[in-house]
Amino acid sequence: MRRPLIAGNWKMNTTPEEGAELGRALAKALVDAPAVDVAVYPPFLSIGPVAQALRGTDVAVGGQDLHTETGGAYTGNTSGEMLAAAGCTTVLVGHSERRTYEQESGELLAAKTRAGLRAGLWVTFCCGETDAQRDAGDTLDVVRGQLADGLGGLTANELRNVVIAYEPVWAIGTGRTATPEQAQDVHAAIRAWVTSTWDAGVGRSMRILYGGSVKPTNVVGIMAKPDIDGALVGGASLKADSFDALVRFQSL
Ligand code: 13P
């Protein structure tokens, strides 16, 4: 019922030319891809060339961030409307790297989520605990708090255009993937929180991705868990062959 979604977050990697090249390689590799949804989040400058390279495919292109306003005197920023005009259909909000390095608050992330939806984009909203928070036994409180801050004000109808990505900070770029059981425990708690905050229908239909050192060698065990509906992939999304393998996880 929940269609799997494999998404690549390219972070601050690829020039426009390199992005176009990777986009073309993905377009070629994914021609006969299975029935899963696929999205890539290139850096802003690569969005146009990547969207062009992927034109005619079902791969969604998204921004890694957006500003809350539609336009105006906000030097250095990009609006959701601009992303949509450049070929994006989705945007990432709340990645831990932005929470940490750009000090993005829960309140700001709620406004960014609303701005993405206003621009007609679907939002991949990220959450996840640090090592210290996990060690302190605070994982579920931290994750539920981030989700309540970011998504709590949305209606059930708005949530149809939201995907949640659980990315434990300690698993990002470290090679230390959460075990499928650790991830499933948090995903189940997220789904329970969505159900109790809205209703069972929203809980059942909400796609929840896992992110953090996902690779072709560990994706099968992760995707086998009932509450894990896909993956948000960093490093392994930067090579067409490994991303293609992830998209084809069902045949690994
Ligand atoms: P890695 O797959 O490189 O660990 O990155 C995960 C991530 O942060 C995706 O948003």
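When a ligand or atom number is given, it counts from 1 through the structure's own listing order.
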min-distance protein heavy atom vs atom 5 (O) of ligand 1 -> Lys11 NZ, 3.2 Å
shortest atom 2 (O) of ligand 1-to-protein heavy-atom contact is with Gly234 N, 2.9 Å
Note: Ser237, heavy atoms under 4.0 Å from ligand 1, region reported as neither
Heavy-atom contacts under 4.0 Å between Leu232 and ligand 1: side chain, backbone, both, or neither?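 Both of them.
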Among Ala231, Gly211, Ser213, Ser96, whose heavy atom sits nearest atom 1 (P) of ligand 1?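 Nearest heavy atom to atom 1 (P) of ligand 1 lies in Ser213.
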Need the ligand 1 atom indices (1-based, order shown) with element for anything under 4.0 Å from a heavy-atom of [X].
X	value
Ala171	4 (O)
Gly212	4 (O), 6 (C)
Glu167	6 (C), 7 (C), 8 (O), 9 (C), 10 (O)

Could you say whether the N/O atoms of [X] and ligand 1 ever approach to under 3.5 Å?
X	answer
Gly235	yes
Ile172	no
His95	yes

_Given Ile164, which partner from the list Leu159, Thr124, Val123, Ile208 fulfils the side chain to side chain contact (heavy atoms under 4.5 Å, CB included) test?_
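Going through the options one by one, the only one that passes is Ile208.
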Paired with Val163, the side chain to side chain contact (heavy atoms under 4.5 Å, CB included) test is passed by just one of Asp229, Thr90, Leu209, Leu92, namely Leu209
Does atom [atom1] ([X]) have a neighbourhood of more than 12 heavy atoms from anything else shown, all under 6.0 Å?
X	atom1	answer
Glu107	CD	no
Gln182	CD	yes
Arg2	CZ	yes

(message) Checking one residue: Met82. Which other hydrophobic residues are in its cluster under the side-chain 4.5 Å linking rule?
(response)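 Members alongside Met82: none; it stands by itself.
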- Message: Within the structure, is a non-hydrogen atom of Lys215 found at a distance of less than 4.0 Å from ligand 1?
- Response: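 No.
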query = Is the Trp122 ring parallel, tilted or perpendicular to the Tyr41 ring (thresholds 30°, 60°)?
reply =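 Ring orientation, 0 to 90° scale: perpendicular.
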When you look at Asp32 and Arg248, which way does the salt bridge (Lys or Arg N to Asp or Glu O under 4.0 Å) test go after all the steps?
CA-CA 10 Å; Asp32 59 345; Arg248 295 172 204 277; 3.1 Å; yes
